[in-house]
Amino acid sequence: MQPTVTQLTDRLLASYASAGGINHLDGKNLPSKRAISIITLDLLRLLFPGFFDEKLIHSSEIKTETVALLETVLASLEDEVYKSLEYSPPEGIAKKELRNLAHSRTLHFLGKLPEIRDLLHTDIEAAFNGDPAALSREEVIVAYPCVEGIAVQRLAHVLYLDGIPLIPRIMTEWAHARTGMDLHPGADIGTHFFVDHCTGTVVGETCIIGNHVKMYQGVGLVAKSLAAGQLLRGQKRHPTIEDYVTIYAGATIVGGDTIIGEHSTIGANVTVTGSVPSHSLVVQKDANVSVMSKKTRTKSAAEFQI
Amino acid sequence: MQPTVTQLTDRLLASYASAGGINHLDGKNLPSKRAISIITLDLLRLLFPGFFDEKLIHSSEIKTETVALLETVLASLEDEVYKSLEYSPPEGIAKKELRNLAHSRTLHFLGKLPEIRDLLHTDIEAAFNGDPAALSREEVIVAYPCVEGIAVQRLAHVLYLDGIPLIPRIMTEWAHARTGMDLHPGADIGTHFFVDHCTGTVVGETCIIGNHVKMYQGVGLVAKSLAAGQLLRGQKRHPTIEDYVTIYAGATIVGGDTIIGEHSTIGANVTVTGSVPSHSLVVQKDANVSVMSKKTRTKSAAEFQI
Amino acid sequence: MQPTVTQLTDRLLASYASAGGINHLDGKNLPSKRAISIITLDLLRLLFPGFFDEKLIHSSEIKTETVALLETVLASLEDEVYKSLEYSPPEGIAKKELRNLAHSRTLHFLGKLPEIRDLLHTDIEAAFNGDPAALSREEVIVAYPCVEGIAVQRLAHVLYLDGIPLIPRIMTEWAHARTGMDLHPGADIGTHFFVDHCTGTVVGETCIIGNHVKMYQGVGLVAKSLAAGQLLRGQKRHPTIEDYVTIYAGATIVGGDTIIGEHSTIGANVTVTGSVPSHSLVVQKDANVSVMSKKTRTKSAAEFQI
């Protein structure tokens, strides 16, 4: 005896009623993932005109284009900021003031775009100078995922510092899905930041990263003990990386008290759980290398994988 | 002498004829990747109304919305299930019965959605409790990639157990592309499963994962020997992880006989190829730390990367 | 006092004027990321008819479909090739010859599609034979990310060898975003190449990879010293991997002089910085395993994460 669509519907509605998990108008509304993905892409178009557009931008039309785009972003971002403020209102703000607050916070954020462009300019320099495979700064903007990932983090960081909930994290998750790099909006990142390849690199909420830091794919700047879970909210749980540090692929650096001194190099696939002084070189213990005998060769080398 | 488009076409058609690799109506049809991506997104909308939609859902319209969505999914999923059953028919089923079979299997699958929601409820609890950066359960649903990745695996696992070929794997690959996490539909995953950051985490077909298991990005639960290749199909090739185990970033656990005992912790970047008892702590050998001399400092630290 | 949209616009325009970063018609135009993503998808449709389409392909219509698709790709790719040649023109070519050059280079590229299909045929064999979870070659094409990732690299490699700037890298970045695997267009990759899971795997510009090489997620074939940055352009900076080598998850192999001898196996999470002879087995030093005492058990295992 097979269920009918009506029966299936009733079961699902019962499940919604008991277990929740609906984003609807009766309760508080969350910002829309979809709206924020469109807004974020428009912000990237404002940061790098012509790079994220279907068409190129004539300098004759750049002003008109910019006004139109700014007005679009202002309107839609203000709506999402309003929803997120309504979702968790700042203390001592009356509900009727939230719309004005959303408007002023959004304008304040958009006013920061030129500063963000200045920071991104240093990141693009670092990428170009750091990678012999890069032909030009334009190629870096058009073809390096780190530009998009870092740009979105720097945008989200402004909203994060402004106390806007949810939206910054939704923005960086959008970039995480596109670049494979998970930079938390809370991280404090200096100038000339370059992450090559990006995939799998994770930077936690309370990281402090200095200037001229270079990292590769799969690097984790993560928390040590998550035992206390929610109790640790707000504490510094992620490492501090000083200026001119290089961190190679797959290295994991753990803990809020961990400080990697300036000009240090962390080798690939090592795990670092305590501070190291400046100019440190940290490398993995040598691997065991053996040559397989004729006999063992008869087995597939793959069988020796450990 | 440059080739004409006609010549290019003839060469390609010759290549199709000789090497194959066409998904066409003359042979068996494979399910459509595109159709399955739309179906999977609709299933996520059924699991979390309003979170994956353009618009929010009013409780007044939730019933109408749910009926409509269920009917859409039933029709399109049934078509894809039919194609996959036709592609590799279960033994002893006549071709003319396949349409009915596709219908009943699809209804059976949709009837499981409330159970899947119950499981996902435990996963969301685990994510919220495990991550101090999480502000609320809603933020977890809207901004944590693991929810999407695990939801799709739990959906695909039901189809996998029901013997539907191809579709489960296409579903989890869709989620893999979006989240960076590759959870095979065959894996048997307990309650309260949390993977933070997700990117690069791989869980193999024959893994058994207990309850309250927490993992991070880049964790691999993989097969030991792939020498025998296809001969190993169906054998348990991937590890068993018992309850309350924590596995940190980049750890690789190898082999079908490997059992990680309950309440164990596997540190970052270690490779584990055999079983460990409960309450084990497995960590990487300490890295070599040296401070670069003034002389070596004159070289770039990067040159020491090893 | 809040800024007006006009003020915000003026600040942004000032920033564009000072810091640049606009892709517009007044200067050299870069190829369009969006156009190249559409072209790359069409090329995948030409390589595997029916697998990347909304609809299946009847053999009756395959010829018409192929002609139409080839004409579309020829026109749009020629435009992008023209832009990239205009952006950095080959020596001794007059501007007025660039259009003809773009046309002939594009035709030459499209003429290589059958050869690329032959190579991909060997890759699909390798994936099917190497993975017990694979049910059929069709499942490999429809559900394995490595097929898409490797196909795009093999396409981009032809353009790279033909001296087309920018486009090859934009193509492989498109695939990187979709598969998590970053295969540089410059890498010279042999037959029967299989990368399982793909996420986080990086192959550098000057890598040479032999035949029958099998790799897993998170493998890095990377450069040793990036100190000299741009000065190293053109030099061999990435490893050579000989035939029948297997490289497990998270292994990092470093340096342009590093040669991994044939039939070698590199274990998970090891870092290799020098050459190893054929039939080598390279594995990580054993991890430290301890069992937590009753007392320490009272703490959360997670606290011991290192």
Side-chain angles (χ1 to χ4, degrees), chain A residues 46 48-51 54 56-59 62-63 66-67 70-71 74 104 107 110-111 113-114 117-118 121 129-130 132-133 135 138-139 141-143 145 178 180 197 199-200 217-218 224-227 249-250 254 267-269 271 273 284-285 287-292 297 301-302 304-306, chain C residues 2-3 5 8-9 11-13 15-16 19 21-26 29-30 33-34 165-166 169-170 173 176-177 180 182 184 199-200 202 205 218 220 222 226 229-230 232-233 237 246 248 250 252 263-265 267 269-271 276-277 279-285 299-300 302-303 305-306:
Chain A
L46 284 167
F48 303 109
F51 285 95
E54 276 100 293
L56 299 168
I57 307 295
H58 292 252
S59 54
I62 181 81
K63 180 159 191 168
T66 306
V67 171
L70 271 170
E71 279 167 348
L74 175 59
S104 59
L107 278 174
L110 293 173
L113 292 179
R117 270 180 52 85
D118 293 342
H121 194 66
N129 295 328
L135 297 173
E138 287 83 358
E139 184 189 21
I141 299 175
V142 81
R178 288 164 59 102
H197 310 298
T199 311
Q217 71 274 15
K224 189 163 202 163
S225 168
L226 298 179
V254 188
N269 297 322
T271 301
T273 58
Q284 189 185 51
K285 282 264 192 301
N288 295 323
V289 182
S290 55
V291 172
M292 292 177 273
R297 286 179 201 179
F304 294 91
Q305 190 266 110
I306 42 177
Chain C
Q2 293 170 354
V5 168
L8 292 174
T9 306
R11 290 184 205 163
L12 265 177
L13 295 178
S15 165
Y16 298 154
I22 313 183
N23 183 16
H24 62 52
L25 288 176
D26 309 357
N29 298 338
L30 293 165
K33 261 171 111 151
R34 181 186 167 80
L166 297 169
R169 181 65 190 270
I170 296 172
E173 265 310 320
H176 181 193
D182 187 357
H184 196 285
T199 311
V202 171
E205 181 177 20
V222 299
L226 298 180
Q230 284 293 333
L232 294 172
R233 187 188 296 172
R237 310 180 304 278
T246 300
Y248 284 91
T252 307
H263 292 283
S264 293
T265 295
N269 297 321
V270 296
T271 302
V276 298
H279 298 280
S280 292
L281 171 66
V282 182
V283 299
Q284 190 185 51
K285 282 262 190 300
K299 294 199 199 172
S300 157
E303 293 182 31
Q305 190 265 110
I306 43 179

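So you know, we letter chains A, B, ... as the sequences are listed, proteins then strands, and number each from 1. Values below: all heavy atoms of this structure, side chains included; hydrogens, waters and symmetry mates excluded.
Side-chain contact check for C:V5 versus A:V67: some heavy-atom pair is nearer than 4.5 Å. Taking 4.5 Å as the limit, some side-chain heavy atom of A:V142 sits within range of a side-chain heavy atom of C:I170. Between A:E138 and C:L166 there is no side-chain heavy-atom pair separated by less than 4.5 Å. A:I141 has its side chain out of reach of C:L30: every pair of non-hydrogen atoms, C-beta onward, lies at least 4.5 Å apart.
Most heavy-atom pairs under 4.5 Å with chain A, from the set C:K33, C:E205, C:H184: that is C:K33. The most heavy-atom pairs under 4.5 Å with chain A, out of C:V276, C:V202, C:T199, C:D182, come from C:V202. Between chain C and the options A:P114, A:G180, A:G200, A:S290, heavy-atom pairs under 4.5 Å are most frequent for A:S290.
Closest approach of C:V282 to A:A287, counting heavy atoms only: CG1-CB, 3.8 Å.
In this structure, chain C has a heavy atom under 4.5 Å from the side chain of A:Q217, while its backbone stays farther away. Heavy atoms of A:H197 lying under 4.5 Å from chain C belong to its backbone as well as its side chain. Contact of A:L107 with chain C is made through backbone and side chain together, with heavy-atom distances under 4.5 Å.
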Set out, in order, the CA-CA distance, both residues' side-chain angles and the distance that settles side-chain contact (heavy atoms from CB on, under 4.5 Å) for C:V270 and A:N269, then state yes or no.
CA-CA 7 Å; C:V270 296; A:N269 297 322; over 6 Å; no

side-chain contact (heavy atoms from CB on, under 4.5 Å) evaluation trace for A:I62 with C:L13: CA-CA 8 Å; A:I62 181 81; C:L13 295 178; 3.9 Å; yes

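For C:K285, the NZ atom is densely surrounded, since the number of other residues' heavy atoms within 6.0 Å is greater than 12.
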